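To start, the structure under review is shown below, and the notes come after it.
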There are 2 protein chains.
Amino acid sequence: MTDDDHVFRALADPTRRFLLDLLFQRDGRTLKDLESGLAMTRFGVMKHLRVLEDAGLVVTRRSGREKLHYLNPVPIRLIHDRWIDKYREREVSALLALKADLESKKDKPS
Amino acid sequence: MTDDDHVFRALADPTRRFLLDLLFQRDGRTLKDLESGLAMTRFGVMKHLRVLEDAGLVVTRRSGREKLHYLNPVPIRLIHDRWIDKYREREVSALLALKADLESKKDKPS
DNA sequence: ACAATAGGTGACTATATGGTCACCTGTCAA
DNA sequence: TTGACAGGTGACCATATAGTCACCTATTGT
């Protein structure tokens, strides 16, 4: 439908989210590299990377016979801005900070 | 699969994103209210709201025979924090601010 | 040159998903 | 109390999607 539709459909699959996690840790990976971390054939991973690229969540650069993949955070940020205004952002940040605080105290109680 | 899976699958559908848009504009709406804005039967809308509620993107409160729906921004924020660290956040914010600046100048050229 | 390597395409199957309908439950107002 | 109203359930069908495979192209190193 619209353009952002690609982004959300791309994020709907757990394998694709895991690929983004891998690229979040370290950019510029090749298909072979990414494939090795997944219990799936090369073709499946390639299809997923194609979807991510069409969505603009991953950008690529060719280097010889290799294709390097990079994470593009812009679409993620736009999702955030769509449903979180300045008012809600303050609320949510405070809430999550409080939660993180409680979690840390649970780990090492005084 | 995991818990956040519900969130991303919920966001994958354009109708559900539109429902979030409606709740972003104004909270506390009833099913009848939301249904009236969509070219779909009541049952379709109800299914979508159910998915959003299971994902935690929408929270509800009963009031007599009505059920009021509210937007919960927390899962959205968690998506953001998953793939945007402090470093990338500065980059992206600057980029989007620049883009917004160019757009505004395109609208009313000096 | 040529074998190995990295990536790519189109077709196919099983399953998941969106949407509708017939029918049911609980609540409000005259 | 009884009809209208808001919401809910389970089954059903058409389509979209994930994953695999046979087969193909381009680049590298020896």
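Computed from a predicted structure; not experimentally measured. Chain naming here is simple, since letters A, B, ... match the order of the sequence lines and numbering starts at 1 in each.
The environment of CZ in A:Arg82 is crowded: more than 12 heavy-atom neighbours from other residues, nucleotides or ligands sit within 6.0 Å.
Residue B:Thr30 has no polar side-chain atom (N or O) positioned under 4.0 Å from OP1 or OP2 of D:dA6.
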| said: One character per nucleotide, please: for nucleotides 24-30 of chain D, 5' to 3', B when the base has a protein heavy atom closer than 4.0 Å, S when only the sugar-phosphate does, - otherwise. | reply: ---BS--
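A donor-acceptor pair is defined here as one N or O able to donate and one able to accept, closer than 3.5 Å; such a pair exists between the side chain of A:Arg17 and the backbone of A:Leu11. Under the 3.5 Å distance criterion, the side-chain polar atoms of A:Asn72 are matched with a main-chain donor or acceptor of A:Gly56. At distances below 3.5 Å, not a single donor-acceptor pair connects side-chain atoms of A:Arg29 with backbone N or O atoms of A:Leu68. Put simply, the side chain of A:Arg61 never gets that close to the backbone of A:Lys67: no donor and acceptor are under 3.5 Å apart. A donor-acceptor pair under 3.5 Å is absent between the side-chain atoms of A:Arg42 and the main chain of A:Leu31, judged by distance alone. A donor-acceptor pair under 3.5 Å is absent between the side-chain atoms of B:Ser93 and the main chain of B:Arg90, judged by distance alone.
Residue B:Met40 is classed as a sugar-phosphate contact, given heavy-atom separations below 4.0 Å to backbone atoms only.
Mapping A:Gly44 and A:Arg9 onto DNA chain D via the closest heavy atom, the residue that lands nearer the 5' end is A:Arg9. In this structure, B:Phe43 and B:His48 both approach DNA chain C, and ranking their closest nucleotides by distance from the 5' end singles out B:His48.
When rounded to the nearest whole Å, the span between CG of B:Leu34 and C1' of D:dG7 equals 13 Å. For the pair A:Leu38 CG and D:dG19 C1', the interatomic distance rounds to 13 Å; values are reported in whole Å. Rounded to a whole Å, the CE atom of A:Met46 is 12 Å from the C1' atom of D:dG19.
Closest non-hydrogen pair, B:Leu57 versus B:Pro75, comes out as CD2-CB, 3.9 Å.
Nucleotides of DNA chain C that come within less than 4.0 Å of any heavy atom of chain A span, from the 5' end to the 3' end, C:dA4 to C:dA11.
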